[in-house]
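Report on the following structure.
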Amino acid sequence: MSLEIPTELEKEVDERITHYPVSKRSAVLPVLHTLQHHFGFIDEEAIEWTASKLELEPIKVLEVVTFYPGFRQSAPGKYHVRVCRTLSCAMAGSYELMESICEKTGIDRSGVTHHDPIAVSPDGKFSIEFAECLASCGTGPVCLVNDDFHEAVSDVDGLLKQYK
Amino acid sequence: MSAIYQEGKEPHPKERRIVFKNVDREGWDTSLAMYETEGGYDQLKKAVGMEPGAITDEVKKAGLRGRGGAGFPAGVKWGFLPPNNDKPVYLICNADESEPGTFKDRYIIHQDPHQLIEGMAIACFAVGANLAYIYIREEFPEGAQTLEKAIEEAHEKGYLGKNVLGSGFDLEIYVHRGAGAYICGEETGLIESLEGKRPYPRIKPPYFPAAMGLYLCPTIVNNVETLCHVKHILEVGGEEWSRIGTPNNTGTRILCVSGDVKKPGYYEVEVGSVTMGELINDLCGGLKEGRSLKAVIPGGSSAKVLRADEVFTVGRGDDTRELTIWDIPMDFDTLAACGSMAGSGGVIVIDDSRSISWVLNNINNFYAHESCGQCTPCREGSLWMKKITDRVVAGNASPSDIDTLDNVARNIDGSTICAFGVACSWPTESFIDKFRDELVSDTNLELEGELLNAEAVTAAANLR
């Protein structure tokens with residue numbers, strides 16, 4: 001499979017690059033965000049495409065992808081859930097929230113590691129990972145589902161029902 | 001994140017809302033038209049008619065201290081820009097809010113974006129920056145959109161772009177999204193990240209951003225709340241603004257309270273005007289029913305923990321006073337005198353239902369995950385601290401593990417390029433200083449002397 005970049009997407013990438021008149025390399029993160037938003041994750045071809053777009057060696061892009069927790073190298077579910085793990089949310093029950101979402105979606109987190117933090121449900125609909133502090137400590141437990149933010153989550157069924 | 005009024009979120013009478021005036025305000029929205037109904041961008045209009053240096057002087061007079069964590073005077077920071085500089089100057093707004101316990105910039109960004117943009121534009125004019133970035137954490141996707149929309153609106157009205165308000169001053173502001181790394185909140189790490197690299201912090205000296213920042217040019221990095229204050233300082237004048245709060249701890253600041261209180265949330269107060277006791281008991285409605293206070297982390301998770309029954313001696317000479325935890329005024333200097341810090345304003349309250357080992361382990365997990373890995377003491381040490389407290393929580397640690405833990409922490413503190421090393425060791429150091437007995441009580445004497453780390457045993461065997 002070779003990477004197909006729709007014209008609209010490339011236009012968006014080109015526009016983002018104009019935000020960095022001093023150095024194209026500064027556009028690595030925004031270009032990767034644009035690609036991940038479209039494809040769901042960053043694969044080798046996306047890395048090479050980004051590198052050639054920004055006139056960089058691919059390693060300069062790969063080292064960024066592997067460093068930042070915000071970039072994924074494998075496919076998430078249709079809805080990717082990030083549950084805040086850090087202290088205030090943990091005190092408010094984020095570990096229990098994580099357990100409950102996994103139970104209801106059939107996600108098995110036993111194979112999760114630091115370098116491979118995402119677990120996907122058997123039907124591919126949901127994936128989940130812990131995130132570090134999402135900066136909403138007063139309304140824990142909180143989570144992100146794709147780009148939607150949910151606070152003080154107590155009704156897990158109600159939360160999941162919003163995502164068909 | 002709703003941008004509209006939420007019932008029941010009215011400010012507490014002890015609050016003084018300046019930066020948060022429009023947060024949770026009935027009928028308020030994020031549009032430019034709304035912002036302009038109450039003098040929006042009037043201060044920018046005033047600023048472009050002033051000498052840039054005069055604006056910096058006002059900020060210096062105000063005594064505005066950075067709201068991001070270090071509490072460094074913003075005007076002094078601006079004053080570090082080299083004189084007779086012929087390189088471009090950049091300004092970066094640090095919107096990477098990620099210190100555990102802190103959640104104030106979120107509401108400014110989502111509910112009052114023009115306030116930030118106006119503050120930034122004034123700051124850019126003052127320091128001579130024609131290009132500025134808002135480095136926003138990736139986990140605020142809606143916030144990034146809100147800011148981009150606000151920037152577009154401001155552009156259309158001539159508040160940004162070429163020839164701002166006919167002044168001859170050009171300014172472009174762009175939103176740059178991070179990608180989930182806490183270290184990007186460290187200003188030189190942020191700059192590396194904005195250059196498209198791994199965010200490994202730079203060593204200071206020589207890489208003080210004001211001298212060698214973004215693209216090795218003079219750069220000012222300020223927190224969201226700090227930049228918002230610039231607008232209000234210009235409105236009333238630095239001297240008048242400095243009368244808010246207490247001497248050397250001027251202005252208002254937003255305290256974010258989470259953990260074991262009845263009403264967690266954000267409270268904007270004059271710095272030093274409320275004590276820890278008033279904050280917990282009045283503003284936050286007190287501890288939960290039947291619970292007593294065990295500890296408070298007063299300024300984000302890196303701040304040293306305060307134990308509920310400690311007595312703090314502050315001041316010098318005749319002015320020496322003894323304070324209980326309840327008496328501590330929430331200002332920069334007193335919290336520092338109590339051996340902790342005001343930090344980012346994130347107050348985490350811990351009651352007697354919590355296990356100290358569990359709390360420390362949660363914090364250690366955070367720092368082990370977020371160490372950038374550049375400096376060995378931090379990369380290895382933060383992971384060791386996590387592994388040891390993992391064992392304590394699981395009941396698999398021996399009492400001497402607590403000494404090892406202490407030793408590891410003290411060997412990180414001060415041995416790293418950036419302040420992350422200090423930040424990750426302070427929780428462990430202070431928890432051991434203040435709660436050693438409880439930590440030891442969670443260990444198992446019978447395990448003393450055993451080599452418990454199976455990985456280490458295997459590794460050692462392979463070496464032989």
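Quick note on labels: first sequence line is chain A, next is B, and so on, each numbered from 1.
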Residue [X] versus chain A: region with a heavy atom under 4.5 Å:
{"X": "B:Pro199", "result": "both"}
{"X": "B:Tyr367", "result": "neither"}
{"X": "B:Cys217", "result": "neither"}
{"X": "B:Glu172", "result": "neither"}
{"X": "B:Val175", "result": "backbone"}
{"X": "B:Asp260", "result": "both"}
{"X": "B:Ser301", "result": "neither"}
{"X": "B:Val359", "result": "both"}

If we ignore hydrogens and angles and just use 3.5 Å, is the side chain of A:Ser26 paired with the main-chain N or O of B:Leu194 as donor and acceptor?
yes
Say whether, by atom type as modelled, one donor and one acceptor occur between the side chain of A:Asp147 and the main chain of B:Pro141 under 3.5 angstrom.
no
Please examine the side chains of [Y] and [X], heavy atoms only from C-beta on, and report whether any two atoms are closer than 4.5 Å.
{"X": "B:Tyr135", "Y": "A:Leu29", "result": "yes"}
{"X": "B:Ile348", "Y": "A:Cys137", "result": "no"}
{"X": "A:Thr86", "Y": "B:Pro100", "result": "yes"}
{"X": "A:Pro30", "Y": "B:His176", "result": "yes"}

So which part of A:Leu134 gets closer than 4.5 Å to some heavy atom of chain B, the side chain, the backbone, both or neither?
both
Using non-hydrogen atoms and a 4.5 Å limit, figure out which bit of A:Tyr95 sits close to chain B: side chain, backbone, both or neither.
side chain
If the contact rule is any heavy atom under 4.5 Å from chain B, which residues of [range] qualify, in numerical order?
{"range": "residues 46-57 of chain A", "result": "none"}
{"range": "residues 97-118 of chain A", "result": "A:His114"}
{"range": "residues 64-75 of chain A", "result": "A:Val64, A:Thr66, A:Phe67, A:Tyr68, A:Pro69, A:Gly70, A:Phe71"}

Taking A:Arg16 first and then B:Glu148, would you say they form a salt bridge - that is, a charged N and a carboxylate O separated by under 4.0 Å?
yes
Between B:Leu131 and A:Tyr20, does the side chain to side chain contact (heavy atoms under 4.5 Å, CB included) criterion hold? Intermediate values first, please.
CA-CA 9 Å; B:Leu131 181 59; A:Tyr20 307 93; over 6 Å; no
Please determine whether the number of non-hydrogen atoms from other residues, nucleotides or ligands lying under 6.0 Å from atom NE2 of A:His38 exceeds 12.
yes
Are B:Arg106 and A:Phe149 in a cation-pi contact, defined as NZ or CZ under 6.0 Å from the six-membered ring centre and within 45° of the axis?
yes
About how many Å separate OG of A:Ser23 and OH of B:Tyr215, when rounded to the nearest 0.5 Å?
5.0 Å
Just how far is it from atom CE of A:Met91 to atom OG of B:Ser258, taken to the nearest 0.5 Å?
7.0 Å
Run A:Val22 and B:Leu214 through side chain to side chain contact (heavy atoms under 4.5 Å, CB included) and show every step you take.
CA-CA 10 Å; A:Val22 182; B:Leu214 184 63; over 6 Å; no
So which atom in B:Phe103 and which in A:Ala135 form the shortest heavy-atom distance, rounded to 0.1 Å?
CB-O, 3.3 Å
Closest heavy-atom contact between A:Gly138 and B:Pro264?
O-CG, 3.5 Å
List the steps, then state whether side chain to side chain contact (heavy atoms under 4.5 Å, CB included) holds for A:Arg82 with B:Glu139.
CA-CA 9 Å; A:Arg82 288 187 277 178; B:Glu139 297 89 337; 4.0 Å; yes
Which residues share a ring pair (Phe, Tyr, Trp, His ring centres under 6.0 Å) with B:His155, sequence neighbours left out:
none
Classify the side-chain pair B:Tyr133/A:His19 by whether it contains a donor and acceptor separated by less than 3.5 Å.
no
Heavy-atom pair count under 4.5 Å with chain B, highest-scoring of A:His150, A:His33, A:Gln36, A:Lys24:
A:His33
Can you tell which of A:Glu63, A:Arg85, A:Lys60 has the highest number of heavy-atom pairs within less than 4.5 Å of chain B?
A:Arg85
